[in-house]
Amino acid sequence: MSHLDPERMALLAIGENAEDGERSHLDDCPQCAAELDELAFAVSVGRSTVDVGEWETPPERVWEGILADISAPRADPPAEPPAASGAASAPAASAPAPPATPPAAPSSPAAGAGSPPPRGRTRMLFTLAASVALLLVIVGIGVAVRPSQPVEVAAASLDAFPAHPGARGSATVIETDDRERVVRVTLDADADTGEGSREVWLITADATALVSLGTLEGSEGTFPIPPDIDIDEYVLLDVSLEPEDGDPQHSGDSIVRGELRAA
């Protein structure tokens with residue numbers, strides 16, 4: 001019986017759909033079915049390493065050992081034992097004369113002209129399986145160590161309060177690659193905001209709860225959002241003018257405020 005091409009088997013192992021003829025062959029050929037299972041197992045091992053985190057590079061001798069094992073010639077099977085000495089003493093006349101030309105072995109249409117011998121095929125499949133698994137590991141390492149990009153999750157336009165008509169600003173909530181959230185605030189305030197510091201707050205929609213994120217120095221700043229703060233509840237971002245009186249509460253003098261909306 002002919003067998004599936006090893007390269008085609010590798011493609012099937014990594015998920016390519018089998019054609020009708022290939023499916024039929026796998027149903028009827030235990031050898032190809034078993035080889036495909038082995039390749040699929042190698043692929044699953046490679047894929048299972050995608051999320052393991054950081055990797056250590058194996059010593060060069062590991063790869064040298066693998067290559068040496070794959071490339072090493074296999075010993076030929078032992079020769080048939082010699083015939084018993086008694087057989088040699090039989091009269092030569094009693095043995096039939098060998099034909100002048102050995103008869104050709106009958107050809108088998110199921111043998112498949114392009115199929116490698118069983119031992120060479122096994123080594124080829126092993127090499128393909130190792131290559132597929134190594135490729136998946138390398139891809140997995142790239143995914144594991146590649147930093148994800150920061151994502152904008154919410155934004156607000158900050159509008160001025162009546163006491164500060166020339167002020168305006170913006171706020172953007174960013175989720176960083178380590179899953180932390182920060183808010184970037186910019187403020188373009190009028191020159192006459194009065195004496196004091198400008199403090200950034202998150203406030204609930206009904207103004208019954210608020211949390212200070214810090215003091216805005218200059219016209220922009222980035223502030224971490226506490227992990228226990230749900231920005232679906234604390235939807236208002238406020239910048240207030242705070243007197244230097246040591247009171248940590250909101251002064252009631254807001255410069256700008258805006259509602260955070262999902263990006």
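Bear in mind that the values here come from a model prediction, so they are computed numbers and not experimental data.
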Within the 4.5 Å heavy-atom criterion, are [X] and [Y] side-chain neighbours or not?
{"X": "Val211", "Y": "Ile229", "answer": "yes"}
{"X": "Arg184", "Y": "Glu220", "answer": "no"}
{"X": "Ser212", "Y": "Pro248", "answer": "no"}
{"X": "Ile174", "Y": "Val151", "answer": "no"}
{"X": "Pro226", "Y": "Leu213", "answer": "yes"}
{"X": "Leu236", "Y": "Thr204", "answer": "no"}
{"X": "Glu195", "Y": "Glu244", "answer": "no"}

Find out if a path of hydrophobic residues (ILVMFWY) with successive side-chain heavy-atom gaps under 4.5 Å connects [X] to [Y].
{"X": "Tyr234", "Y": "Ile225", "answer": "yes"}
{"X": "Val235", "Y": "Leu210", "answer": "yes"}
{"X": "Val183", "Y": "Ile231", "answer": "yes"}
{"X": "Phe223", "Y": "Val256", "answer": "yes"}
{"X": "Ile203", "Y": "Val185", "answer": "no"}

* Asked: Hey, mind stepping through Val153 and Thr172 against side-chain contact (heavy atoms from CB on, under 4.5 Å) and telling me if it holds?
  -> CA-CA 8 Å; Val153 296; Thr172 305; over 6 Å; no

* Any side-chain donor near an acceptor of the partner, Thr215 and Glu199, under 3.5 Å -> no

* **Polar contact flag, side-chain donor to acceptor under 3.5 angstrom, Ser240-Asp253** => no

* Residues that Ser170 engages under side chain to side chain contact (heavy atoms under 4.5 Å, CB included), provided they are two or more places apart -> Thr186

* To do: Under the side chain to side chain contact (heavy atoms under 4.5 Å, CB included) rule, collect the residues that match up with Ala40, sequence neighbours excluded.
  => none

Could you state the interatomic distance from [atom1] ([X]) to [atom2] ([Y]), rounded to the nearest 0.5 Å?
{"X": "Leu11", "Y": "Leu4", "atom1": "CG", "atom2": "CG", "result": "11.5 Å"}
{"X": "Trp201", "Y": "Leu237", "atom1": "CH2", "atom2": "CG", "result": "12.0 Å"}
{"X": "Glu35", "Y": "Leu12", "atom1": "CD", "atom2": "CG", "result": "12.0 Å"}

Do you know which two heavy atoms are closest between [X] and [Y], and how far apart they sit?
{"X": "Leu39", "Y": "Ala10", "result": "CD1-N, 3.9 Å"}
{"X": "Leu36", "Y": "Ala13", "result": "CD1-N, 3.8 Å"}
{"X": "Val239", "Y": "Leu158", "result": "CG2-CD1, 4.5 Å"}
{"X": "Ser254", "Y": "Arg257", "result": "OG-NH2, 3.4 Å"}
{"X": "Pro224", "Y": "Val182", "result": "CA-CG1, 4.0 Å"}
{"X": "His25", "Y": "His3", "result": "NE2-CA, 3.8 Å"}

* Below 4.0 angstrom, N of the basic side chain to O of the carboxylate: do Glu19 and Arg23 qualify? -> no

* Step-by-step salt bridge (charged side-chain N to carboxylate O under 4.0 Å, His left out) determination, Arg198 to Glu217 -> CA-CA 7 Å; Arg198 292 176 289 188; Glu217 302 288 348; over 6 Å; no

* Could you tell me whether the side chain of Ser251 and the main chain of Leu241 form a donor-acceptor pair under 3.5 Å? => yes

